[in-house]
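Please read these numbers as outputs of a predicted model, since none were measured by experiment.
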Amino acid sequence: MTEPTNTKNLDRYGSAPLEWSRARDILVADTPTADLTFFVSTVRPDGRPHSAGVGAVWVEDALYFKAGPGTRRARNLAENPACTVAVRLRGMDLILEGEAGRVTDSATVERVAVVYREGGWPATAEGATLTAPYSAPSAGAPPWHLYRLALHRAIGVASAEPHGATRWDFAT
């Protein structure tokens, strides 16, 4: 399990730090079955930001998402793997910071495709890529590359009891 190496309470109202397990457990329970949109932000070669909504899944303690090889997101990640992923979870807004690397191991791609199928998207693994009869129009045509976020930092702001705001740092 990915555990934080440092936790910082960001709450200004006296709430205790949030536990990382709270955010992780919601990710485990709600991806891919809940209607969640994750927003991946990358950096263009000229330094301008780029954001795109994606379907993502939490599998084996890591966040995975896809991108068509010709999309701006994939081209940005090829040049600079640094990115953030933001999502509004059940009772918590969460930002994940790290580096996204392309997954080329076919066994991992297959495991992630199974999770996507469990959530209702009929993804199949074809070697190191994903295919399906449909996807978001912004994803580009199949096959799609799969990316894994190497988590460096996360920030959670609880919108349900217990409230609070916390930053978690992870070993890089």
Evaluate whether atom [atom1] of [X] has more than 12 neighbouring non-hydrogen atoms of other residues, nucleotides or ligands under 6.0 angstrom away.
| X | atom1 | value |
| --- | --- | --- |
| Glu19 | CD | no |
| Asp35 | CG | no |
| Arg88 | CZ | no |

Just so I know, are the side chains of [X] and [Y] near enough to count as touching, which here means a heavy-atom distance under 4.5 Å?
| X | Y | answer |
| --- | --- | --- |
| Asp30 | Arg90 | yes |
| Glu99 | Leu77 | no |
| Thr42 | Arg75 | no |
| Ile155 | Leu94 | no |

Qualifying residue, where the test is side chain to side chain contact (heavy atoms under 4.5 Å, CB included) with His50 and the options are Thr71, Val43, Val40, Asn76: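 The single option meeting the side chain to side chain contact (heavy atoms under 4.5 Å, CB included) with His50 is Asn76.
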Side chain to side chain contact (heavy atoms under 4.5 Å, CB included) partner of Arg167, the single match among Asn9, Thr7, Leu10: Leu10
Heavy-atom donor-acceptor pair, Ser106 side chain to Gly127 backbone, under 3.5 Å: no
Backbone N/O of Ser15 and side chain of Asp11: donor-acceptor pair under 3.5 Å: yes
Between [atom1] on residue [X] and [atom2] on residue [Y], distance to nearest 0.5 Å:
| X | Y | atom1 | atom2 | result |
| --- | --- | --- | --- | --- |
| Arg44 | Glu79 | CZ | CD | 13.5 Å |
| Arg24 | Trp168 | CZ | CH2 | 10.5 Å |
| Thr84 | Leu96 | OG1 | CG | 9.0 Å |
| Leu18 | Thr166 | CG | OG1 | 3.5 Å |

Can you name the closest pair of heavy atoms from [X] and [Y] and give their distance?
| X | Y | answer |
| --- | --- | --- |
| Ala165 | Val157 | CB-CG2, 4.2 Å |
| Ala74 | Pro69 | CB-O, 3.7 Å |
| Ala158 | His163 | O-ND1, 3.3 Å |
| Arg72 | Pro45 | NH1-CD, 3.7 Å |
| Leu89 | Ala23 | CD1-O, 4.3 Å |
| Ala132 | Ala123 | CB-CA, 4.1 Å |

Shared hydrophobic cluster for [X] and [Y] (ILVMFWY, side-chain gaps under 4.5 Å):
| X | Y | result |
| --- | --- | --- |
| Trp121 | Val103 | yes |
| Val85 | Tyr64 | no |
| Tyr134 | Tyr116 | yes |
| Val112 | Trp58 | no |
| Phe38 | Val59 | no |

Derivation and outcome, ring pair (Phe, Tyr, Trp, His ring centres under 6.0 Å), residues Trp20 and Phe170: CA-CA 11 Å; Trp20 166 245; Phe170 299 85; 5.1 Å; yes
Cationic N near anionic O, under 4.0 Å, Asp46 to Arg48: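 Salt bridge present between Asp46 and Arg48.
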Presence of salt bridge, Glu60 and Arg148, under 4.0 angstrom: no
Stepwise side-chain contact (heavy atoms from CB on, under 4.5 Å) test for Glu110 and Glu126: CA-CA 8 Å; Glu110 176 58 38; Glu126 289 188 6; over 6 Å; no
Step-by-step side-chain contact (heavy atoms from CB on, under 4.5 Å) determination, Leu130 to Val109: CA-CA 7 Å; Leu130 291 169; Val109 175; 3.8 Å; yes
His152 and Asp169: CA distance, side-chain angles, deciding distance, side-chain contact (heavy atoms from CB on, under 4.5 Å) verdict: CA-CA 6 Å; His152 296 181; Asp169 294 311; over 6 Å; no
Flag for Arg111-Thr108: side-chain donor and acceptor within less than 3.5 Å: yes
side-chain hydrogen bond (donor to acceptor under 3.5 Å, both in side chains) partners for Ser135, two or more places apart: Lys66
Side chain to side chain contact (heavy atoms under 4.5 Å, CB included) against Pro162, all qualifying residues, sequence neighbours excluded: Arg22
N/O donor to acceptor pairs below 3.5 angstrom from side-chain atoms of residues 139-147, sequence neighbours left out:
unit_1	atom_1	unit_2	atom_2	d
Trp144	NE1	Ala139	O	3.3
Trp144	NE1	Gly140	O	2.9
His145	ND1	Arg102	NE	3.4
His145	NE2	Arg102	NH2	3.4

Check against side-chain contact (heavy atoms from CB on, under 4.5 Å), Thr37 and Val87: CA-CA 6 Å; Thr37 300; Val87 62; over 6 Å; no
